[in-house]
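Right, one structure below, let's go through it.
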Amino acid sequence: MKLATWNVNSLKVRLPQVLEWLSIAEPDFVGLQELKLDQDKFPLDAIQAAGYQAVWLGQKTYNGVAILSKIPAQDVVLNIPGDDDPQKRLIAATFDTPLGPFRFVNVYCPNGQSLDSEKYPYKLAWFDRLTKWLSDELKTYSNLAIVGDYNIAPADEDVHDPKRWKDQVLVSEPEREAFRRLLGLGLTDSFRQFDQPEKSFSWWDYRLNAYKRNAGLRIDHVLLSKPLADRCHGCVVDRAPRENEQPSDHAPVVATITV
DNA sequence: ATGTCAGTCAACGACTGA
């Protein structure tokens, strides 16, 4: 069973690349972020023609998240329950799998902009609400994965140049604490379950030839509850789509679970 | 400080967010 996350930075622009990647990678469950399209603009026909079902939460211009799957989604949740946040950043669904009910949560966490921006406390507060809600979810669902663009590089090894990035947004200690609090619920960063190449990243700025210089960050993650982490036998960044013409600035991350 | 995308608005070049 393959679980994936990919920030596509406009599904409208990236749709051909998403369809191509689905046919090559054949993931079973995919979380997409930054759709940047309104709810009624989702390209459902093309996704279905590629053999996938979809549930999504669209927003014009900004944010927007979707789950693509080979099997139907149940008990769909849109945004953090009880949240009046107009920003569309979370979608969750349950799937019937050979392992039993499988809860798949897909998040586009706030960027934060900079430490002195009002978007920075918004980001930290958003993580607080996410963590609170997720602790309840984990009581209900033993098989839970939460994937997405967290906009946090958890450790210096996830940063191409830790000195330059020290105390910057995406890397700052309060953000890393928020990420550790998530893990503290009993989740595992599946990428770090395995030996990985040094300087493994999932996002590279469009500017300054960052991809060619591998000047990136690892900010896209697949977190797994204990029963799933025990069955996980691989997690990789798939850099191939980042080499496309007109790529997203993020690459997909794919974890493989034995069923 | 900078640079590069994508989207909007409104009218093709500004702006915002990442």
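Just the heavy atoms: all of them, side chains too, but no hydrogens, waters or symmetry mates, feed the values below. Just so we're on the same page: letters track the sequence lines, and every chain starts at 1.
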Taking atom [atom2] of [N] as reference, at what distance in whole Å does atom [atom1] of [X] sit?
| X | N | atom1 | atom2 | answer |
| --- | --- | --- | --- | --- |
| A/Trp203 | B/dT4 | CH2 | C1' | 11 Å |
| A/Asn209 | B/dG3 | CG | P | 13 Å |
| A/Asn9 | B/dT16 | CG | C1' | 13 Å |
| A/Asn151 | B/dG17 | CG | P | 14 Å |
| A/Asn7 | B/dC5 | CG | P | 16 Å |
| A/Lys119 | B/dG17 | NZ | P | 4 Å |
| A/Arg207 | B/dC5 | CZ | C1' | 9 Å |
| A/Gln17 | B/dC5 | CD | C1' | 13 Å |

*Given that A/Leu11 and A/Tyr62 both sit by DNA chain B, which one's nearest nucleotide is further toward the 5' end?*
A/Leu11

_On DNA chain B, does the nearest nucleotide to A/Arg164 precede the nearest nucleotide to A/His250 from the 5' side, or the other way round? Give the residue._
A/Arg164

[M] and [N], which share atom name [atom1], separated by this distance in whole Å:
| N | M | atom1 | value |
| --- | --- | --- | --- |
| B/dC15 | B/dA11 | C1' | 14 Å |
| B/dC12 | B/dG7 | C1' | 15 Å |
| B/dT2 | B/dT8 | P | 27 Å |
| B/dA14 | B/dA10 | C1' | 10 Å |
| B/dA1 | B/dG13 | C1' | 23 Å |

*Output the single nucleotide from B/dG7, B/dG17, B/dA18 whose closest atom is nearest the side chain of A/Arg89.*
B/dA18

*Considering only side-chain heavy atoms of A/Tyr206, which listed nucleotide, B/dG7, B/dT4, B/dG17, is closest?*
B/dT4

Should [X] and [Y] count as side-chain neighbours, where that means a heavy-atom distance under 4.5 Å?
| X | Y | value |
| --- | --- | --- |
| A/Leu99 | A/Arg231 | yes |
| A/Ile219 | A/Phe201 | no |
| A/Tyr122 | A/Asp85 | yes |

Can we say [X] and [Y] salt-bridge, meaning some charged N sits less than 4.0 Å from an Asp/Glu carboxylate O?
| X | Y | value |
| --- | --- | --- |
| A/Asp128 | A/Lys132 | no |
| A/Glu173 | A/Arg180 | yes |
| A/Glu175 | A/Lys123 | yes |

_Does B/dA6 have OP1 or OP2 under 4.0 Å away from a side-chain N or O of A/Arg14?_
yes

*In a check of side-chain hydrogen bond (donor to acceptor under 3.5 Å, both in side chains) between A/Asp156 and each of A/Lys163, A/Lys166, A/Arg176, which one passes?*
A/Arg176

*Name the nucleic acid region contacted by A/Gln246, choosing base, sugar-phosphate or nothing; use a 4.0 angstrom heavy-atom cut-off, strictly under.*
sugar-phosphate

*So what does A/Tyr108 touch, heavy atoms closer than 4.0 Å: a base, only the sugar-phosphate, or nothing?*
sugar-phosphate

_Exam field: side chain A/Tyr206 to backbone A/Asp249, donor-acceptor pair closer than 3.5 Å_ = yes

*When you check every protein heavy atom under 4.0 Å of nucleotides 8-14 of chain B, what one-letter string (B, S, -) results, 5' to 3'?*
SS-----

